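These figures come from a predicted structure and were not determined experimentally. Note that these values count all heavy atoms, side chains included, but never hydrogens, waters or copies made by symmetry. By convention in this document, chain letters (A, B, ...) are assigned in the order of the sequence lines, proteins followed by strands, and residues within each chain are numbered from 1.
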Protein chains: 2
Amino acid sequence: MTRILVVEDDLALADVLAFTLRRAGFEVDLAHDGRTALALFLKEKPDLIVLDWTIPNMDGLEVCTRVRTESNTPIIMLTVRNADEDVIAALDAGADEYVTKPFSLRQLIARIRSLLRRTIGEPQGMLNAGPLSLDVERREARWGDERPPIHLTRLEMRLLMALLQNADRVMTTESLITRVWGPEGATHEMLKQLIYRLRNKIEPEPGAPTLIETIPHVGYVLNTPANHRK
Amino acid sequence: MTRILVVEDDLALADVLAFTLRRAGFEVDLAHDGRTALALFLKEKPDLIVLDWTIPNMDGLEVCTRVRTESNTPIIMLTVRNADEDVIAALDAGADEYVTKPFSLRQLIARIRSLLRRTIGEPQGMLNAGPLSLDVERREARWGDERPPIHLTRLEMRLLMALLQNADRVMTTESLITRVWGPEGATHEMLKQLIYRLRNKIEPEPGAPTLIETIPHVGYVLNTPANHRK
DNA sequence: CAGACCGGTAACATATCGGTAACAAATCTA
DNA sequence: TAGATTTGTTACCGATATGTTACCGGTCTG
C-alpha cells in the first residue's frame with residue numbers, strides 16, 4: 001500500500017486532502033507542523049510527501065531539506081506563493097513538484113501518481129530499457145521481438161523493476177533489498193541468489209555485453225545498450 | 001554534457017529557449033515537429049525533453065507516449081492549455097512536468113535542473129581533473145575517452161577523491177590518512193601501499209608527466225595537466 | 001663515509017565478496 | 001493431497017581488498 005505523508009496546518013484543508021487521497025486508495029499520515037512531520041517521516045517512511053510551505057515549527061523548505069538528507073522520497077510542495085524565487089528555492093531544496101493554492105484535487109492526484117510512477121514504480125503496465133521490455137501484469141520479460149517471453153517470479157519481477165526504473169544508475173545492495181523485500185529487509189545472501197537467478201533468465205547469451213553489471217562492494221546497475229560506451 | 005531536446009514549432013520561442021538553455025550550460029537539439037522530434041530523440045538520446053503540446057506532425061502527447069515506450073527520459077510538457085483534463089492527460093502519457101505558457105525561463109530552468117537531479121543523479125557523482133574523471137557511484141576512473149574504465153576499490157576511491165578535491169595543492173600524509181581511514185587513523189605504511197596501488201592503476205604510461213607527485217617528507221599532490229610546473 | 005630515514009616495490013596472509021550449486025522449506029496449483 | 005514452482009539456507013570456490021612485513025636504493029646528516 002502506498003503511503004503518503006500530508007503536512008498541512010490548515011486543518012480544514014488537511015482533512016479534505018486526507019479524505020480525497022484515502023478515497024483514491026492511498027494510506028495517509030497527517031502532520032500539522034514541521035517537527036512532527038519530520039518525526040512521522042522517519043517513523044513511517046512514506047512513499048511521497050505533500051508539504052505545505054508555511055507551517056509552524058520549521059517551515060516546509062527546511063523540512064524539505066532535512067528529508068533530502070535522508071532519502072529521495074518525492075516531495076510535492078504546496079503553497080500560495082508562486083514568485084519565481086520561491087519556486088526556485090523549493091526546487092533547489094529538493095522538492096519535485098510545486099503546486100500553488102488554490103489547486104485542483106484531481107490535478108494534485110494526477111501529479112502524485114506521476115511522481116510515484118517515476119520513483120516507486122506504481123501501476124504501469126510496461127517498463128522498458130532498450131531491447132528488454134517488462135510486462136508487469138503478466139510478469140514476463142521479452143527480448144525485443146525475440147521468442148518466447150520469459151516468465152518471472154514475483155521477487156524477480158520486483159528486482160527487475162527496481163533496476164529498470166533506475167536504468168544506468170547504480171543501485172546499492174541495501175536499496176535493492178528494500179525495494180524487493182520491503183523495509184524489513186532481508187539477507188545479502190538472498191539478494192545474491194535472486195540476482196543470480198534473474199541473470200540466468202534474462203542475461204543475453206555469452207558474447208554480448210552484460211545487462212546487469214556488478215559494482216563490487218556497492219551494488220548493481222542495469223545497463224541500457226545506449227549508454228554502453230565501454 | 002547534458003543534452004536537452006527542445007520541441008517547439010514557434011520558431012521565435014524555440015530560439016529563445018535554445019539560447020537560454022545553452023547559456024545555462026546544456027547542449028540543445030531543436031525540432032519543430034513531432035516526427036523529427038522522435039527521430040532526433042532516437043538518434044541523440046537526450047537526457048531530457050522539453051516538449052510543446054501543439055506541434056505539426058503528431059502532437060506532443062503522442063510523441064510523449066512514443067518516447068515512453070523506448071525509455072523513461074524525463075519530459076517537460078509545454079502548453080497554453082491548463083484545464084485539468086489536459087494536465088491529467090499529459091501526466092498519464094508519461095510527462096514528468098507540465099508547464100503552461102507563458103512561463104518564466106528561470107523557473108523552467110529550475111524545473112529542468114530538479115528533474116535532472118532526480119533522474120541523472122545527484123550533483124555529486126562526477127569529479128574530474130583534466131583528462132581524468134571519476135565516477136563516484138560506480139567507483140571507476142576514466143581516462144578521457146580511452147577504454148576501459150578502471151575499477152577502484154573503496155580505499156583507492158577515497159584517496160583519489162581527497163587528492164582530486166585538492167588538486168594542485170599539497171596534501172600532508174596525515175590529512176590523507178584521516179581522509180581515507182577516518183580520525184582513528186592508520187599506519188604510514190598503509191598509505192604508502194595505497195598510493196602505490198593507486199598509481200599502478202591510474203598513472204599514465206611511463207613517458208608522460210606523473211599525475212601523483214611525491215613531496216618528500218610532506219605528502220603528495222595531484223597535478224592537473226594545466227598547472228604543470230616542473 | 002656510514003647509518004638513519006624515507007619512499008617505492010614486492011611477496012605474502014587473511015578476510016571478505018560475489019558467483020555457483022545443491023538442497024530444504026514454503027507456497028502454489030491442479 | 002501430490003507434484004511443481006518459488007524462495008530461503010548453506011556450502012564451496014575463486015577473485016579481490018587490504019593489511020603486514022621485508023627489501024632496496026636514494027638522500028640527508030653528522
Partners passing side-chain contact (heavy atoms from CB on, under 4.5 Å) against [X] (at least two apart in sequence or in another chain):
| X | value |
| --- | --- |
| Glu174(B) | Thr172(B), His188(B) |
| Thr20(A) | Val16(A), Arg23(A), Leu105(A), Ile109(A) |
| Arg197(A) | Glu156(A), Gln193(A) |
| His151(B) | Pro216(A), Arg139(B) |

Report the distance from atom [atom1] of [X] to atom [atom2] of [N], rounded to the nearest whole Å.
| X | N | atom1 | atom2 | result |
| --- | --- | --- | --- | --- |
| Asn200(B) | dA11(C) | CG | C1' | 14 Å |
| Ile195(A) | dC17(C) | CD1 | C1' | 14 Å |
| Leu191(A) | dG8(D) | CG | P | 11 Å |
| Ile215(B) | dC6(C) | CD1 | P | 16 Å |
| Tyr220(A) | dG18(C) | OH | C1' | 6 Å |

Counting just side-chain N and O atoms, does Tyr196(B) come under 4.0 Å of either OP1 or OP2 of dA10(C)? yes
Shortest non-hydrogen pair, Val136(B) vs Met157(B), comes out as CA-CE, 3.6 Å
Treat primed atoms plus P, OP1 and OP2 as sugar-phosphate and everything else as base, then score nucleotides 12-30 of chain D 5' to 3': B for base contact with protein heavy atoms under 4.0 Å, S for sugar-phosphate contact only, - for none. -----SBBBB---------
All salt bridge (charged side-chain N to carboxylate O under 4.0 Å, His left out) counterparts of Asp29(B), not counting sequence neighbours: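 Result, salt bridge (charged side-chain N to carboxylate O under 4.0 Å, His left out) vs Asp29(B): Arg3(B).
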